[in-house]
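All remarks here apply to the structure that follows.
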Number of protein chains: 2
Amino acid sequence: MATTTRTTDRGTAYFPRLAAERLDIALCRASAAVARAADAHATEEGLGVGQHLVLQMLDAVGPCSQQTLSEELRIDRSVMVGVCDDLEQAGHVRRERNPRDRRSYAVTITDSGRRRLARAQALIPAFLDDTFKVLTSDERGQLSAILAKLLQAGVGGPR
Amino acid sequence: MATTTRTTDRGTAYFPRLAAERLDIALCRASAAVARAADAHATEEGLGVGQHLVLQMLDAVGPCSQQTLSEELRIDRSVMVGVCDDLEQAGHVRRERNPRDRRSYAVTITDSGRRRLARAQALIPAFLDDTFKVLTSDERGQLSAILAKLLQAGVGGPR
DNA sequence: TGCAAATCATCTGCTGTCAAACAGTCTGTT
DNA sequence: AACAGACTGTTTGACAGCAGATGATTTGCA
């Protein structure tokens, strides 16, 4: 049937086709999709990605200022305020003034926080297996290495 | 100098170190950084990533409804309204009612839109070279293939 | 010592995304 | 024909991220 205005119908699969051909702006959009998947899992589980990262780092390296957390985890300072608020209110973190520099806090993970972290960590393998199930083991390793490299190079701005 | 509360000092490089070790929540955060880099470049250049993708697709496959654009490009319908508003106001796109289905528009790229697209496309290689300069050619190919694979698998939800 | 500049945490305003609700239109069944 | 249900585009409200300004504190320098 002839129509003057030919409108593309469903099932064109334009986006994946384009993406497979070359690395361009579209692929940066794909990165956002991966990030969204993590956010969705995190909110569903009840512990935001930011909160998770903070607990992870505090557990690994000990008490930190919000500034240090902010820089290392690439989370904006003003956002870190709310993240620490939530963690503190949940009792997963203590905020004590650093006696050597009373401008900053010494944010410390509590036992409750450590238990919460362990619980969240336990769910990650299943999430990753599900999210990246279409990738081979090699591809997962490649993705990991590549993103780490980009991070170290400071892609995406300083914060 | 001994202190009771040991606060981690600058330069720990905790995040990259963690990221390099294993694929976990932190790496999904890295994906967000890549997406941010593209957004920053786009706004600086004056044509948003969403607008760019819409022009790209309209140029490639012809007139589409906003719904089709939305699904293929993984942009929320309600966001697509604004994207098309901006493109239409700039004269890069025409919105005509589809006579066969008056619910939908037939969004069509104009000559102005085609010129704008060409101008934006011309800047992409330089942006990519800069953003991914720390990657080898092989790694770029791997990243491209992996993200495309994830896209086809529908990572990040339907929209 | 005294003062300018930098630093840390916080707050405010702006922007963009998403979910849900809505009006108009189409499709299929009776 | 009549009506229920699905679809398209739009609006609204809630929410997160980021830039810039602010108050309190520290550091560096004259």
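A note on names: the letters A, B, ... follow the listed sequences, proteins ahead of strands, and every chain is numbered from 1. Side chains included, hydrogens not; waters and symmetry mates left out as well; all remaining heavy atoms used. Being a predicted model, the structure only gives us computed values, none of them experimental.
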Assert: residue with more 5' nearest nucleotide on DNA chain C, out of B/Arg103 and B/Val83, is B/Val83
From CD of A/Glu71 across to P of C/dA6 the rounded distance in Å is 16 Å
Considering only heavy side-chain atoms of A/Gln67, the closest of C/dC8, C/dT10, D/dC18 is C/dC8
Whole-Å distance, A/Gln66 CD to C/dT7 C1', equals 13 Å
**Asked** With a 3.5 Å cut-off and no angle check, do the side chains of B/Asp138 and B/Thr136 form a donor-acceptor pair?
**Response** no
Establish, yes or no, whether the cationic atom of B/Arg95 lies under 6.0 Å from the six-membered ring centre of B/Tyr105 and within 45° of the ring axis. yes
*Examine C/dC26: is either OP1 or OP2 under 4.0 Å from a nitrogen or oxygen in the side chain of B/Arg102? Give yes or no.*
yes
B/Arg36 atom CZ is separated from D/dG17 atom C1', nearest whole Å, by 9 Å
To the nearest angstrom, the CG-P distance between A/Asn98 and D/dT27 comes to 10 Å
Query - Distance below 4.0 Å between A/Arg97 side-chain N/O and D/dT26 OP1 or OP2 - result: no
Between the CG atom in B/Leu47 and the CG atom in B/Leu117, the distance rounded to the nearest 0.5 Å is 8.0 Å
* To do: Determine, for B/Arg36 against B/Asp39, whether the closest basic-nitrogen to carboxylate-oxygen distance falls under 4.0 angstrom.
  => no
In whole angstroms, the gap separating C1' of C/dT7 from CZ of A/Arg100 amounts to 15 Å
Looking only at C/dT10, D/dC18, D/dT26, the nucleotide nearest the A/Asp101 side chain is D/dT26
- Task: Report yes or no: does A/Ser104 contribute a side-chain atom to a donor-acceptor pair with the main-chain N or O of A/Asp101 at less than 3.5 Å?
- Result: yes
Taken to the nearest whole Å, CG/B/Asp85 to C1'/C/dT17 is 16 Å
Separation of C/dA6 atom P from A/Arg77 atom CZ, nearest Å, is 14 Å
Regarding the side chain of A/Ser78, the nearest nucleotide among C/dC18, C/dA9, C/dC11 is C/dC11
B/Asp76 CG to D/dC15 P, in whole Å, measures 17 Å
